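Keep in mind the model is a prediction, meaning the values are calculated, not measured. All chains are named by letter (A, B, ...) in the order of the sequence lines, taking the proteins before the strands, and each is independently numbered beginning at 1.
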Amino acid sequence: MNALREKAYVDFQRQGFPTRKVEEYRYTDMEEVFAPDYGVNLQRVQFPVNPHDIFKCSVPNLSTSLYFMVNDLFHNSVMPKTQLPEGVVVGSLCQQALEHPELLQPYYGRLAKTEADSVTALNTMLAQDGLFIYIPKNVVVDKTIQVVNILRSDVDLMANRRVLIVLEQGAQAKVLFCDHAMDERSFLATQVCEVFVGENAHLELYDLEATHLQSRRVTNTYVRQQSYSTLNMCTITMHNGLTRNTLEVDLAGQYAETHVNGCVVADKQQHVDNNTLIRHSVPNCQSNELYKYVLDDSSVGAFAGKVLVVADAQKTVSNEVNANLCASPDARMYTQPMLEIYADDVKCSHGSTVGQLNEQALFYMRQRGISEAEARLLLKFAFVGEVIDSIKLETLRDRLHYLMEKRFRGELSHCEGCKVHN
Amino acid sequence: MLEIRNLHASINGKEILKGINLTVNDGEVHALMGQNGAGKSTLSNIIVGHPAYEVTTGEILFNGKDVLAMSPEERAHEGIFLSFQQPVEIPGVSMVNFMRAAVNAKRKYQGQEPMTAGDFLKLMREKRKLVELDSKLANRGVNEGFSGGEKKRNEIFQMAMLEPTFSILDETDSGLDVDALRIVAEGFNLLRTEKTSALVITHYQRLLDYLKPDIVHVLIDGRIVKTGTPELALEIENRGFDWIREEAGL
């Protein structure tokens, strides 16, 4: 991890914090995000916390292998009892780098280019720990690996997390991240996540954020997929302060398939910006992207999604949709679907919509005796339902339906189950 | 049951209804006929409180209560139901959730506990049979991908679930083949009691053959210009509306 810091520092020096003048960051004021004073835990002080005391999984019956990260620190003291298949590693990135440098070295920092993005440069420069998931060749991990990220501090805090996920050839895994903020402090969490999906490997990756209004989250996720691999990814912002998610997927092996979906529910002053790039680097790959936003009050949403098809990537099939619902007159949505195609034998589509709740449907429901508030709720719920239904993990899907309903009823400002919020 | 007095109404500033007077008593079925654009759908939309229409003068009383002061959902709870001419599709809202919300909202209004899931599904099954609605449709989104006939059957199914005392059928026969028309009409007839009444808007005699209205009204240019027995509908079927226009001096 140290090997890359110096170059990262130089790259960061050169770029500085991103401003709105940088095309990729035009919808989110990153200067404001990074402006406040945050403490950084350089001394690696352990925050006295037992995650099991404060966290009960809100996805019951999921029976996951449960791990905790507190701020940017992997929590070794509470490891799950479950036995993972032989050779599988789930643990502290820092520790694994010392114990198994041969596993990390071929991957760490290979996708997250510090010269291309200053947040990635900053994270590479500062990150001291994080998570490493390694699934060896042809190993199938049945149990979902759930990682709960808890922000916990008595002072305003900046945490820089680093995640590396490697699925070797033929490996299969399901990974669920849950982001929470515990204390009523201001938090800034940056995360750089590198994901390698080997040949014929299959990964389901879910990222659920349920933090609070004082949270700032900036994540950069970089994925590379090899031949015949599949990725099913869903990024859900259920409750937050300000969130910026960058996702880059590189389809680097033929016949790879990627499904990246997302859904956002925002109200009050919340701000959510998803910036995605799907690069078809070789022929015969397929990509599907569906992002849906429901914005209420004076929340702001942004989606910029580019699908890039290079000259050689013939027979690419790609479909990108961003649909948005502005449920109040003050909510704002910026949407920018982009297609950049250099091949001539492809099937690509992209589209976006911004609309209000269907007045006819509202009236139809009211005529049947359903109150206006309830009718609005049913329509919003139905709108995001399409994304949630795309989740393959059944128990998570069912739970999300339940949590979404509570979210829309205003009964959920945090993921249920964290005692500290009650 | 329903009493409309000197009702004037407009949409986007254009006057559509120009003084409607209509009284429907318990147990009666009234037919409302008229050419396109006469104001039939406007009248039905106003009775159920569609926000696009503005009532300029007049009043509507339902069992003595002022309907125009009520929200659309209150009118529904009081027992007013509209079978829509073009039922809207609501993708993603399942028929089950939709109906449960509607049934329980009415129960709450009447001071009753919500139905248990078991009782509710039993009720759904029972009422579905009435209009031969496929169970597969009940699991879909509201009207989502339904054919024209299925949408109309679904309207009568909802009517059966909600048991209104006053129903408006707005061209429920349009777009139906003869078999579907029979199913819808028979379903409606099974729901009739001495305490329920209805206003049936139609262009065709065929539906009225099944429903056997007590009274037939003719609406022209926003006014009811003729009221008569069921034979009036037959005469319109044969002769059209022009003779009524002439008779009324329009």
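- Taking A:Glu359, A:Gln360, A:Met365 one by one and counting their heavy-atom pairs under 4.5 Å with chain B, the maximum is reached by A:Met365.
- The parts of B:Pro87 that come within reach of chain A are both its backbone and its side chain, each placing non-hydrogen atoms under 4.5 angstrom from that chain.
- No other option in B:Lys106, B:His77, B:His50 has as many heavy-atom pairs under 4.5 Å with chain A as B:His50.
- For B:Arg192 and B:Phe188, the positive end is not near the middle of the six-membered ring at less than 6.0 Å and at most 45° from its axis.
- Using modelled atom types and a 3.5 Å distance limit, the side chains of A:Glu289 and A:Tyr291 yield no donor-acceptor pair.
- Heavy atoms of B:Val142 lying under 4.5 Å from chain A belong exclusively to its side chain.
- Of the N and O atoms on the side chains of A:Asp389 and A:His401, at least one donor lies less than 3.5 Å from an acceptor on the other residue.
- With 3.5 Å as the limit, one finds a donor-acceptor pair spanning the side chains of B:Asp173 and B:Thr202.
- Contact annotation for B:Leu162: only side-chain heavy atoms (C-beta onward) come within less than 4.5 Å of a heavy atom of chain A.
- Of the charged side-chain nitrogens involved, at least one lies within less than 4.0 Å of a carboxylate oxygen, so that A:Arg217 and A:Asp179 count as a salt-bridged pair.
- Using a 4.5 Å cut-off between heavy atoms, A:Glu386 does not touch chain B at all.
- If you measure heavy-atom distances from B:Asn104 to chain A, you find no contacts under 4.5 Å at all.
- For the 3.5 Å distance criterion, the side chains of A:Thr28 and A:His271 qualify, holding a donor opposite an acceptor.
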